[in-house]
Amino acid sequence: MKIDSLVPLLALAALGWALTACAAEPAGERAAAVSAASQAAQSPDAAAARTEPAVAMPPTAAEIPAGFSSYASESIGGNRQCVVGAATDEDGMNPRPVVYLAETSGRPVWVRSLDLPADMHQSRATHCVGEGGALYVLLQSDTQAQQSLSQTVLHALKLDARSGATLAQAPLSVPGASGAVSAWVGEDPAGFAWRDAGLTVSGQYALGEGRDRPQPFRLRVNGDLQP
């Protein structure tokens with residue numbers, strides 16, 4: 001056979017081989033992709049990813065607010081303590097009452113920033129006592145920022161020791177006093193204590209501008225903060 005007659009046959013053969021290769025290549029890529037996916041799905045890591053349950057994130061830790069200053073810390077048993085105080089703004093002004101329950105290590109279990117009592121300009125939580133699953137907290141609040149023009153007013157709160165939720169609250173009025181009365185309780189824990197199935201509050205009070213002539217007072221309320 002002459003070489004000239006073989007040229008057309010060789011050209012046709014080359015063309016057919018090229019078309020076959022082009023058609024086969026995508027199928028080969030798809031097969032490779034399917035094979036790789038099958039191997040990945042059968043790998044131990046993939047099985048772990050399918051069967052391992054999601055890990056629950058721990059709850060956000062209670063945070064003590066910025067500007068907080070502690071006024072008192074009292075043990076309530078169970079390796080826990082009640083801490084009371086106030087948090088100020090960025091300028092160190094306008095204190096707001098704060099109470100939190102802490103472990104003996106100091107780590108807070110819960111933290112509560114308490115509302116200001118009605119008509120009060122600023123306030124601080126100064127005393128705390130635990131009794132019967134509750135925390136009793138004393139607030140000493142001021143009607144104005146300038147002390148010479150302000151009255152100091154006392155309030156008591158009853159909180160759930162487990163959660164810090166408010167169970168009861170009440171103003172504490174000085175027995176027999178009326179008018180523009182300012183009352184306050186000193187740092188001694190005995191001024192806000194649980195005695196004989198009730199809460200005893202003792203401190204000093206003054207009428208009008210007579211802070212330089214204070215008089216002692218003493219009052220009692222029951223577990224629901226009623227006289």
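Quick note: residue numbers are just sequence positions, from 1.
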Is there a path of hydrophobic side-chain contacts, each under 4.5 Å between heavy atoms, that joins [X] and [Y]?
X: Phe192; Y: Trp194; answer: yes
X: Val201; Y: Tyr205; answer: yes
X: Phe68; Y: Leu114; answer: no
X: Leu159; Y: Tyr71; answer: no
X: Val185; Y: Leu219; answer: yes

Is any side-chain heavy atom of [X] closer than 4.5 Å to a side-chain heavy atom of [Y]?
X: His155; Y: Leu172; result: no
X: Arg220; Y: Asp196; result: yes
X: Asn79; Y: Glu103; result: no
X: Val111; Y: Glu63; result: no
X: Gln144; Y: Leu149; result: yes
X: Arg124; Y: Leu139; result: no
X: His121; Y: Leu116; result: no
X: Val129; Y: Leu199; result: yes

Donor-acceptor pair, distance only, cut-off 3.5 Å: does the side chain of [X] make one with the backbone of [Y]?
X: Lys158; Y: Gly223; value: yes
X: Asp224; Y: Gln226; value: no
X: Asp89; Y: Gly92; value: yes
X: Ser202; Y: Arg218; value: no
X: Ser163; Y: Ala165; value: yes

If you measure only the distance, is there a donor-acceptor pair under 3.5 Å linking the side chains of [X] and [Y]?
X: Gln81; Y: Ser75; answer: no
X: Ser141; Y: Ser123; answer: yes
X: Asp142; Y: Gln122; answer: yes

Counting neighbours of CG on Asp115 that are heavy atoms of other residues, nucleotides or ligands and sit closer than 6.0 Å, is the number greater than 12? no
Does atom CG of Asn222 have more than 12 heavy-atom neighbours, drawn from other residues, nucleotides or ligands, at distances under 6.0 Å?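 Counting other residues, nucleotides and ligands, CG of Asn222 exceeds 12 neighbours.
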Considering non-hydrogen atoms only, spot the tightest contact between [X] and [Y] and give its length.
X: Leu225; Y: Ala156; value: CD1-O, 3.3 Å
X: Trp110; Y: Val99; value: CZ3-O, 3.8 Å
X: Pro108; Y: Tyr100; value: CB-CD1, 3.9 Å
X: Val84; Y: His127; value: CG2-N, 3.7 Å
X: Trp184; Y: Pro214; value: CZ2-CB, 3.8 Å
X: Cys128; Y: Leu135; value: SG-CB, 4.2 Å

Can you measure from [atom1] ([X]) to [atom2] ([Y]) and round to the nearest 0.5 angstrom?
X: Tyr136; Y: Glu131; atom1: OH; atom2: CD; result: 7.0 Å
X: Ser182; Y: Leu154; atom1: OG; atom2: CG; result: 9.5 Å
X: Thr143; Y: Gln151; atom1: OG1; atom2: CD; result: 5.0 Å
X: Asp160; Y: Leu167; atom1: CG; atom2: CG; result: 5.5 Å

Would Met93 and Thr88 count as a side chain to side chain contact (heavy atoms under 4.5 Å, CB included) here? Give the steps. CA-CA 5 Å; Met93 306 292 287; Thr88 59; 5.9 Å; no
What do the steps show when you test Asp119 against Val153 for side chain to side chain contact (heavy atoms under 4.5 Å, CB included), and what is the final call? CA-CA 10 Å; Asp119 302 321; Val153 182; over 6 Å; no
